Amino acid sequence: MRSRFDPLTLYGLAFIVFLYGPLLLLALFSFNDSIIAAFPLKGLTLKAYGAMANNPALHHALWNSLRVGFTVAVVSTALGLLSALAVTRYKLPGGAPVVGLIMVPLVIPVIILGIGLLIVIRKLLGLDLGLWAVASGHVLLCVPFSMLTLVARLEGFDKSLDEASADLGEKPLMTFWRVTLPLALPGIVSSLLLCFTVSFDEFVLAVFLSGTEATLPVYLWGTLRFPNQLPGMLALGTTILVVSTLIVVTSELVRRRGVPSRTEGF
């Protein structure tokens, strides 16, 4: 019988500690009654969370990130759904190169993408930077995530359902509304949550494109220069970590909802 604590298991545990240990320390120091994140702890307190709740500049940056995140989630999911439908329902000429082009933002370094968008917006278009520019960059980044999520959801469905709806006299738009959309709904919700999380946490594009309207990650970066603001930032980081984890877990649970098990029927 294989040992429960073989070298591979120990390596896995060590890797998990290495990966998630700093996050746990961040949460622990957010309750520390000191502006210095170091052991031993001076005491446990919720003052950092109170300071976070009474910071107008932080609230403004949070509101900016929420607006951008919701907009990006809706637009990216709409574009991703159309792309996924085209890939899974039709044989398009040159479809593989087009899909590869859509996926390019996943492999291009984000800093290169940010510099390119900055040049296009400022030099070629002559427009001012702002939240709209951040949202545009985030849509470019999130559409591939949305498309991959929705393709995984749609490609498992029988195309004959759409054909049956058409045979019964339903128009294409109503077929999409009554047949395709309900089947794709878990994937759509998953895409919305995933795109919102990616946009909300994204920093590099926001630095290049936000102008004077900082998003929450940009505000966090600027505030870290002041040591007395560290406890509030630790509290904010812990809150974001918890909320982001819940969103990602919910996204995955919703995506898997309704997918039949491979062992079903045996």
Side-chain angles (χ1 to χ4, degrees), residues 22-23 26-27 29-37 45-78 110-111 113-122 125-143 145-146 191-248 250-251:
L23 300 180
L26 181 145
F29 286 131
S30 70
F31 296 100
N32 187 23
D33 191 11
S34 173
I35 64 172
I36 300 176
T45 179
L46 295 175
K47 290 191 298 184
Y49 290 88
M52 177 187 69
N54 295 295
N55 190 332
L58 185 151
H59 298 164
H60 181 70
L62 175 61
W63 175 239
N64 286 343
S65 284
L66 290 175
R67 285 192 294 167
V68 171
F70 282 125
T71 302
V72 170
V74 173
V75 174
S76 298
T77 298
V110 183
I111 189 171
L113 194 61
I115 294 173
L117 290 173
L118 179 63
I119 293 174
V120 169
I121 293 173
R122 292 295 297 156
L125 302 179
L127 300 175
D128 294 330
L129 301 175
L131 295 181
W132 74 269
V134 177
S136 300
H138 286 182
V139 167
L140 187 64
L141 190 64
C142 289
V143 166
F145 289 104
S146 174
S191 173
L192 288 169
L193 294 173
L194 181 59
C195 291
F196 175 81
T197 302
V198 171
S199 174
F200 187 83
D201 292 342
E202 204 284 323
F203 170 73
V204 177
L205 289 179
V207 167
F208 282 100
L209 304 176
S210 60
T212 58
E213 287 290 335
T215 59
L216 189 59
V218 176
Y219 172 82
L220 270 172
W221 175 256
T223 306
L224 287 176
R225 296 176 296 173
F226 308 101
N228 63 323
Q229 297 292 327
L230 180 60
M233 296 306 100
L234 292 176
L236 178 61
T238 302
T239 304
I240 293 175
L241 175 64
V242 172
V243 174
S244 298
T245 302
L246 291 176
I247 290 176
V248 171
T250 303
S251 172

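Position 1 is the first residue of the sequence, and the numbers go up from there. If you're wondering where the values come from, they're calculated on a predicted model, not measured in any experiment.
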Do Val110 and Glu202 make a side-chain contact, defined as non-hydrogen atoms from C-beta onward lying under 4.5 Å apart?
yes

Any side-chain heavy-atom pair from Ile111 and Phe208 closer than 4.5 angstrom? yes

Any side-chain to backbone donor/acceptor pair from Arg122 onto Leu127? Under 3.5 Å, distance only. yes

Of all heavy-atom pairs linking Gly137 and Leu209, the shortest is CA-CD1, 4.4 Å

Original post:
Are the side chains of Leu216 and Leu66 in touch, meaning some heavy atoms are under 4.5 Å apart?
Top reply: no

Interatomic distance, CG@Leu193 vs OG1@Thr77, rounded to 0.5 Å, equals 9.0 Å

Asn54 and Pro56 have their tightest heavy-atom pair at O-CD, 3.5 Å

Exercise for the section: State whether the side chain of Ser76 and the backbone N or O of Val72 hold a donor-acceptor pair below 3.5 Å, judged by distance alone. Expected result: yes

| Quick one: are Phe31 and Leu46 in side-chain contact, heavy atoms under 4.5 Å? | yes

Scanning both residues in full, the closest heavy-atom pair of Ile121 with Asp128 reads CG2-O, 4.4 Å

Considering only heavy atoms from C-beta outward, does the side chain of Leu131 approach that of Thr215 to under 4.5 Å?
yes

Heavy-atom closest pair (Val68 atom, Ala135 atom, distance to 0.1 Å) is CG1-CA, 4.0 Å

Q. Ignoring hydrogens and geometry, is there a side-chain-to-backbone donor-acceptor pair from Ser65 to Phe200 under 3.5 Å?
A. no

Heavy-atom nearest pair, His138 first then Leu205, reads CD2-CD1, 4.0 Å

- Whether Ser146 side chain and Cys142 backbone form a donor-acceptor pair below 3.5 Å: no

Exercise. For Asn55 and Tyr219, does a side-chain donor sit closer than 3.5 Å to a side-chain acceptor?
Worked result: yes

Nearest heavy-atom contact between Ser210 and Val218 is OG-CG2, 4.5 Å

One should read off an interatomic distance between Leu129 CG and Thr212 OG1, to the nearest 0.5 angstrom, of 9.0 Å

A side-chain contact here means heavy atoms from C-beta on lying under 4.5 Å apart; do Val74 and Phe196 qualify?
no

